[in-house]
Amino acid sequence: TGSPLKPCVRESRIPKKERIVRILSLQALRAVGAIAVVLYHAGTLGAGINLRVGATGVDLFFIISGAVMYLSVNDQTSMPSFLWARFTRVVPLYWIGTIGAVGVYIAKSGHFPPILDIVTSALFLPSEHFGDFPILYPGWSLNYEIFFYALIAVLLMFGSSAMGLAATTTLALGTLHESVQAPYAEYYCQPVMIEFAAGILIGMAIRARLTPSRGVSLMLICVGIALLTLHSPESKINAAIGWGVPWAMILVGSTAFDS
(Lines give C-alpha, C1' and ligand atoms only; values in the text may rest on other atoms or scores of the structure.)
Protein backbone atom coordinates (compact mmCIF):
# COMPACT_ATOMS: atom_id res chain seq x y z
CA THR A 1 0.00 0.00 0.00
CA GLY A 2 1.18 3.51 -0.75
CA SER A 3 1.75 6.31 1.68
CA PRO A 4 -1.33 8.46 2.49
CA LEU A 5 0.84 11.51 1.88
CA LYS A 6 2.06 12.62 -1.51
CA PRO A 7 3.55 15.71 -3.17
CA CYS A 8 0.90 18.34 -3.85
CA VAL A 9 2.60 21.47 -5.22
CA ARG A 10 5.01 21.57 -8.11
CA GLU A 11 8.13 23.67 -7.75
CA SER A 12 7.63 27.05 -9.38
CA ARG A 13 10.05 28.22 -12.07
CA ILE A 14 9.55 31.79 -10.90
CA PRO A 15 12.47 33.10 -8.78
CA LYS A 16 11.73 32.68 -5.09
CA LYS A 17 11.65 36.37 -4.25
CA GLU A 18 9.12 37.01 -7.05
CA ARG A 19 6.98 33.96 -6.46
CA ILE A 20 3.26 34.60 -6.04
CA VAL A 21 1.08 32.09 -4.27
CA ARG A 22 -1.52 30.78 -6.71
CA ILE A 23 -2.84 27.55 -5.26
CA LEU A 24 -6.24 26.68 -6.64
CA SER A 25 -7.64 25.25 -3.40
CA LEU A 26 -6.79 28.44 -1.49
CA GLN A 27 -8.32 30.67 -4.15
CA ALA A 28 -11.46 28.53 -4.41
CA LEU A 29 -12.00 28.43 -0.66
CA ARG A 30 -11.45 32.19 -0.45
CA ALA A 31 -14.39 32.55 -2.81
CA VAL A 32 -16.43 30.12 -0.70
CA GLY A 33 -15.63 32.10 2.43
CA ALA A 34 -16.55 35.41 0.78
CA ILE A 35 -19.89 34.04 -0.42
CA ALA A 36 -20.59 32.58 3.04
CA VAL A 37 -19.97 35.90 4.75
CA VAL A 38 -22.11 37.80 2.22
CA LEU A 39 -24.98 35.36 2.72
CA TYR A 40 -24.62 35.66 6.48
CA HIS A 41 -24.89 39.43 6.35
CA ALA A 42 -27.83 39.12 4.00
CA GLY A 43 -29.50 37.34 6.90
CA THR A 44 -31.81 34.95 5.12
CA LEU A 45 -32.26 33.20 1.81
CA GLY A 46 -35.53 32.25 0.21
CA ALA A 47 -38.25 31.28 2.68
CA GLY A 48 -36.61 32.50 5.84
CA ILE A 49 -33.66 30.11 5.85
CA ASN A 50 -31.18 31.33 8.45
CA LEU A 51 -27.60 31.35 7.24
CA ARG A 52 -25.74 32.02 10.48
CA VAL A 53 -23.27 29.32 9.48
CA GLY A 54 -22.09 31.81 6.87
CA ALA A 55 -20.32 33.69 9.64
CA THR A 56 -17.81 30.83 9.69
CA GLY A 57 -16.37 32.27 6.50
CA VAL A 58 -14.32 34.56 8.73
CA ASP A 59 -12.70 31.56 10.44
CA LEU A 60 -11.82 30.22 7.00
CA PHE A 61 -10.29 33.56 6.02
CA PHE A 62 -8.04 33.54 9.09
CA ILE A 63 -6.79 30.03 8.32
CA ILE A 64 -6.18 30.88 4.66
CA SER A 65 -4.41 34.07 5.70
CA GLY A 66 -1.98 32.08 7.82
CA ALA A 67 -1.26 29.70 4.94
CA VAL A 68 -0.86 32.46 2.36
CA MET A 69 1.44 34.50 4.59
CA TYR A 70 3.67 31.49 5.16
CA LEU A 71 3.84 30.78 1.44
CA SER A 72 4.42 34.44 0.55
CA VAL A 73 7.14 35.30 3.04
CA ASN A 74 10.72 34.23 2.44
CA ASP A 75 14.23 35.15 3.55
CA GLN A 76 14.32 38.09 1.16
CA THR A 77 11.04 39.65 2.31
CA SER A 78 11.73 43.05 3.89
CA MET A 79 9.55 44.75 6.44
CA PRO A 80 8.85 47.83 4.24
CA SER A 81 7.88 45.76 1.18
CA PHE A 82 5.73 43.44 3.27
CA LEU A 83 3.88 46.28 4.99
CA TRP A 84 3.42 48.22 1.73
CA ALA A 85 1.92 45.18 0.01
CA ARG A 86 -0.54 44.67 2.86
CA PHE A 87 -1.35 48.40 3.05
CA THR A 88 -2.19 48.78 -0.64
CA ARG A 89 -4.40 45.69 -0.65
CA VAL A 90 -6.41 46.44 2.48
CA VAL A 91 -6.25 49.97 3.81
CA PRO A 92 -7.52 52.29 1.03
CA LEU A 93 -10.71 50.31 0.41
CA TYR A 94 -11.31 49.92 4.13
CA TRP A 95 -10.91 53.64 4.74
CA ILE A 96 -13.39 54.38 1.96
CA GLY A 97 -15.83 51.95 3.61
CA THR A 98 -15.24 53.60 6.99
CA ILE A 99 -16.04 57.03 5.54
CA GLY A 100 -19.26 55.58 4.18
CA ALA A 101 -20.07 54.06 7.57
CA VAL A 102 -19.55 57.44 9.22
CA GLY A 103 -22.00 58.95 6.74
CA VAL A 104 -24.58 56.27 7.54
CA TYR A 105 -24.09 56.88 11.26
CA ILE A 106 -24.67 60.62 10.82
CA ALA A 107 -27.76 60.00 8.69
CA LYS A 108 -29.27 57.67 11.29
CA SER A 109 -28.31 59.46 14.50
CA GLY A 110 -28.19 63.07 13.39
CA HIS A 111 -24.78 63.66 14.94
CA PHE A 112 -21.13 62.91 14.32
CA PRO A 113 -19.61 59.78 15.90
CA PRO A 114 -16.85 60.32 18.49
CA ILE A 115 -13.62 61.36 16.80
CA LEU A 116 -11.64 58.87 18.89
CA ASP A 117 -13.76 56.02 17.54
CA ILE A 118 -13.20 57.15 13.97
CA VAL A 119 -9.44 57.22 14.61
CA THR A 120 -9.36 53.81 16.30
CA SER A 121 -11.48 52.33 13.51
CA ALA A 122 -9.15 53.76 10.87
CA LEU A 123 -6.14 52.35 12.73
CA PHE A 124 -7.74 48.89 13.06
CA LEU A 125 -8.02 49.14 16.83
CA PRO A 126 -11.03 48.17 18.99
CA SER A 127 -13.51 50.98 19.54
CA GLU A 128 -14.81 51.49 23.07
CA HIS A 129 -17.97 53.32 21.95
CA PHE A 130 -19.02 50.54 19.55
CA GLY A 131 -18.32 47.61 21.88
CA ASP A 132 -14.84 46.82 20.51
CA PHE A 133 -16.17 46.84 16.93
CA PRO A 134 -15.10 49.42 14.34
CA ILE A 135 -17.58 51.87 12.89
CA LEU A 136 -17.64 49.70 9.78
CA TYR A 137 -18.93 46.64 11.61
CA PRO A 138 -17.75 43.88 9.21
CA GLY A 139 -14.24 45.29 9.56
CA TRP A 140 -13.78 43.71 13.00
CA SER A 141 -12.02 40.76 11.38
CA LEU A 142 -9.53 43.14 9.77
CA ASN A 143 -8.47 44.26 13.24
CA TYR A 144 -7.11 40.76 13.77
CA GLU A 145 -5.74 40.49 10.24
CA ILE A 146 -3.80 43.74 10.58
CA PHE A 147 -2.49 42.64 13.97
CA PHE A 148 -1.30 39.41 12.35
CA TYR A 149 0.40 41.35 9.56
CA ALA A 150 2.06 43.70 12.06
CA LEU A 151 3.29 40.73 14.08
CA ILE A 152 4.85 39.14 10.99
CA ALA A 153 6.43 42.46 10.01
CA VAL A 154 8.15 42.72 13.39
CA LEU A 155 9.25 39.09 13.33
CA LEU A 156 10.83 39.45 9.88
CA MET A 157 13.95 40.63 11.68
CA PHE A 158 14.46 36.97 12.64
CA GLY A 159 14.76 35.89 9.00
CA SER A 160 13.77 32.33 8.22
CA SER A 161 12.44 31.86 11.76
CA ALA A 162 9.82 34.61 11.35
CA MET A 163 6.83 32.49 10.38
CA GLY A 164 7.61 29.79 12.92
CA LEU A 165 7.69 32.47 15.60
CA ALA A 166 4.44 33.91 14.21
CA ALA A 167 2.77 30.50 14.56
CA THR A 168 4.07 30.11 18.11
CA THR A 169 2.98 33.62 19.09
CA THR A 170 -0.54 33.40 17.67
CA LEU A 171 -1.00 29.97 19.22
CA ALA A 172 0.10 31.34 22.60
CA LEU A 173 -2.21 34.36 22.30
CA GLY A 174 -5.14 32.12 21.43
CA THR A 175 -4.62 29.92 24.46
CA LEU A 176 -4.27 32.83 26.91
CA HIS A 177 -7.78 34.24 26.39
CA GLU A 178 -9.07 33.17 29.83
CA SER A 179 -6.09 34.40 31.81
CA VAL A 180 -5.49 37.88 30.35
CA GLN A 181 -7.61 40.77 31.61
CA ALA A 182 -5.80 43.91 30.39
CA PRO A 183 -8.08 45.75 27.88
CA TYR A 184 -6.08 45.65 24.64
CA ALA A 185 -4.24 42.45 25.53
CA GLU A 186 -7.56 40.73 26.21
CA TYR A 187 -8.87 41.83 22.82
CA TYR A 188 -6.04 40.12 20.97
CA CYS A 189 -5.78 37.09 23.25
CA GLN A 190 -8.71 35.38 21.57
CA PRO A 191 -9.07 31.80 20.28
CA VAL A 192 -9.36 33.07 16.69
CA MET A 193 -5.62 33.71 16.82
CA ILE A 194 -5.13 29.94 16.81
CA GLU A 195 -6.61 29.88 13.31
CA PHE A 196 -3.69 31.93 12.00
CA ALA A 197 -1.32 29.39 13.56
CA ALA A 198 -3.29 26.54 11.96
CA GLY A 199 -3.00 28.25 8.59
CA ILE A 200 0.76 28.61 8.97
CA LEU A 201 1.05 24.89 9.70
CA ILE A 202 -1.01 24.11 6.61
CA GLY A 203 1.24 26.43 4.61
CA MET A 204 4.26 24.49 5.88
CA ALA A 205 2.70 21.24 4.64
CA ILE A 206 1.96 22.79 1.23
CA ARG A 207 5.49 24.13 0.85
CA ALA A 208 6.86 20.71 1.87
CA ARG A 209 4.71 19.33 -0.99
CA LEU A 210 2.81 17.01 1.32
CA THR A 211 -0.91 16.40 1.34
CA PRO A 212 -3.18 13.46 2.18
CA SER A 213 -4.08 11.06 -0.60
CA ARG A 214 -7.27 11.90 -2.47
CA GLY A 215 -9.19 9.19 -0.63
CA VAL A 216 -8.20 10.57 2.77
CA SER A 217 -8.77 14.11 1.48
CA LEU A 218 -12.34 13.33 0.43
CA MET A 219 -12.97 11.94 3.90
CA LEU A 220 -11.53 15.09 5.51
CA ILE A 221 -13.71 17.32 3.33
CA CYS A 222 -16.88 15.31 4.04
CA VAL A 223 -16.24 15.17 7.80
CA GLY A 224 -15.39 18.89 7.81
CA ILE A 225 -18.64 19.79 6.04
CA ALA A 226 -20.61 17.58 8.43
CA LEU A 227 -19.02 19.23 11.47
CA LEU A 228 -19.76 22.70 10.06
CA THR A 229 -23.38 21.71 9.60
CA LEU A 230 -23.72 20.20 13.07
CA HIS A 231 -21.97 22.92 15.05
CA SER A 232 -24.35 25.39 16.67
CA PRO A 233 -23.45 29.03 17.47
CA GLU A 234 -25.05 28.43 20.88
CA SER A 235 -22.68 25.53 21.57
CA LYS A 236 -20.26 25.81 24.48
CA ILE A 237 -17.48 24.83 22.08
CA ASN A 238 -15.58 27.94 21.04
CA ALA A 239 -16.09 29.00 17.43
CA ALA A 240 -12.36 28.77 16.75
CA ILE A 241 -12.63 25.05 17.49
CA GLY A 242 -16.18 24.33 16.39
CA TRP A 243 -15.77 26.12 13.06
CA GLY A 244 -12.02 26.50 12.69
CA VAL A 245 -11.21 22.78 12.90
CA PRO A 246 -13.75 21.76 10.21
CA TRP A 247 -12.50 24.48 7.86
CA ALA A 248 -8.91 23.40 8.46
CA MET A 249 -9.91 19.83 7.56
CA ILE A 250 -11.61 21.03 4.39
CA LEU A 251 -8.62 23.14 3.41
CA VAL A 252 -6.15 20.32 4.00
CA GLY A 253 -8.36 17.95 2.03
CA SER A 254 -8.75 20.41 -0.83
CA THR A 255 -5.00 20.73 -1.40
CA ALA A 256 -4.93 17.13 -2.70
CA PHE A 257 -6.76 18.29 -5.82
CA ASP A 258 -4.22 20.97 -6.74
CA SER A 259 -1.82 18.50 -8.37
Side-chain angles (χ1 to χ4, degrees), residues 8-10 12 14 19-42 45 51-74 77 82 85-94 96-97 124 136-149 151-152 163 166-167 170 192-207 209 211-212 217-218 220-225 227-229 231 239-240 242-259:
C8 70
V9 180
R10 297 177 180 175
S12 173
I14 302 173
R19 192 174 301 164
I20 301 174
V21 178
R22 296 191 186 281
I23 299 175
L24 183 59
S25 58
L26 296 181
Q27 304 305 325
L29 285 175
R30 267 181 170 171
V32 170
I35 292 171
V37 171
V38 168
L39 291 178
Y40 167 70
H41 286 293
L45 177 68
L51 292 172
R52 294 180 67 179
V53 71
T56 68
V58 174
D59 299 276
L60 174 59
F61 282 140
F62 289 160
I63 297 171
I64 291 177
S65 180
V68 170
M69 288 302 100
Y70 181 84
L71 295 167
S72 301
V73 171
N74 56 64
T77 303
F82 176 83
R86 307 283 82 74
F87 179 91
T88 54
R89 291 183 182 184
V90 176
V91 177
L93 185 60
Y94 179 73
I96 291 172
F124 302 95
L136 182 62
Y137 173 80
W140 70 267
S141 61
L142 285 177
N143 288 358
Y144 291 102
E145 283 281 356
I146 295 300
F147 176 84
F148 181 52
Y149 297 157
L151 174 65
I152 293 173
M163 293 309 297
T170 50
V192 294
M193 301 302 291
I194 299 174
E195 295 171 343
F196 291 116
I200 293 173
L201 293 177
I202 293 172
M204 290 179 178
I206 293 174
R207 179 170 285 178
R209 302 172 63 193
T211 187
S217 294
L218 281 173
L220 286 172
I221 293 171
C222 291
V223 172
I225 292 173
L227 291 176
L228 281 178
T229 304
H231 180 67
W243 283 333
V245 170
W247 276 125
M249 295 172 69
I250 293 170
L251 179 54
V252 170
S254 299
T255 59
F257 301 93
D258 284 317
S259 56

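Values reported hereafter were calculated over all heavy atoms of this structure, with side chains retained and with hydrogens, waters and symmetry mates removed.
Interatomic distance, Y70 OH to I202 CD1, rounded to the nearest 0.5 Å: 13.0 Å.
Using a 4.5 Å cut-off on side-chain heavy atoms (C-beta onward), I250 and V32 make no contact. Residues V91 and F124 have side chains in contact (heavy-atom distance under 4.5 Å, counting atoms from C-beta outward). At least one side-chain heavy atom of S141 sits under 4.5 Å from a side-chain heavy atom of F62.
Between M249 and the options L227, I221, I225, a side-chain contact (heavy atoms from CB on, under 4.5 Å) holds for only L227. Among T255, L71, I63, the single residue meeting the side-chain contact (heavy atoms from CB on, under 4.5 Å) criterion with L26 is L71.
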I'd like to know whether F196 forms a side chain to side chain contact (heavy atoms under 4.5 Å, CB included) with L151, so could you lay out the CA-CA distance, the side-chain angles of the two residues, the decisive distance to 0.1 Å, and finally the verdict.
CA-CA 11 Å; F196 291 116; L151 174 65; over 6 Å; no
Side chain to side chain contact (heavy atoms under 4.5 Å, CB included) between Y144 and T170, worked out:
CA-CA 11 Å; Y144 291 102; T170 50; over 6 Å; no
Show the numbers, then the answer: is there a side chain to side chain contact (heavy atoms under 4.5 Å, CB included) between R86 and I152?
CA-CA 11 Å; R86 307 283 82 74; I152 293 173; over 6 Å; no
Let's go through I64 and W247 carefully: what are the C-alpha distance in whole Å and the side-chain angles of both, what is the deciding distance for side chain to side chain contact (heavy atoms under 4.5 Å, CB included) to 0.1 Å, and is it a yes or a no?
CA-CA 10 Å; I64 291 177; W247 276 125; over 6 Å; no
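The two residues F257 and S217 make their nearest non-hydrogen contact at CE1-CB, 4.1 Å. Across all non-hydrogen atoms, the minimal contact from P212 to L220 is CG-CD1, 3.9 Å. In terms of heavy atoms, A197 sits closest to A167 at CB-O, 3.5 Å. Counting all heavy atoms, side chain and backbone alike, S254 lies closest to L29 at OG-CD1, 3.9 Å. Closest approach of P246 to G224, counting heavy atoms only: CB-O, 3.3 Å.
Checking side-chain atoms of S65 against main-chain N and O of F61 turns up no donor-acceptor pair under 3.5 Å.
Under the side-chain hydrogen bond (donor to acceptor under 3.5 Å, both in side chains) criterion, Y149 pairs with E145, sequence neighbours left out.
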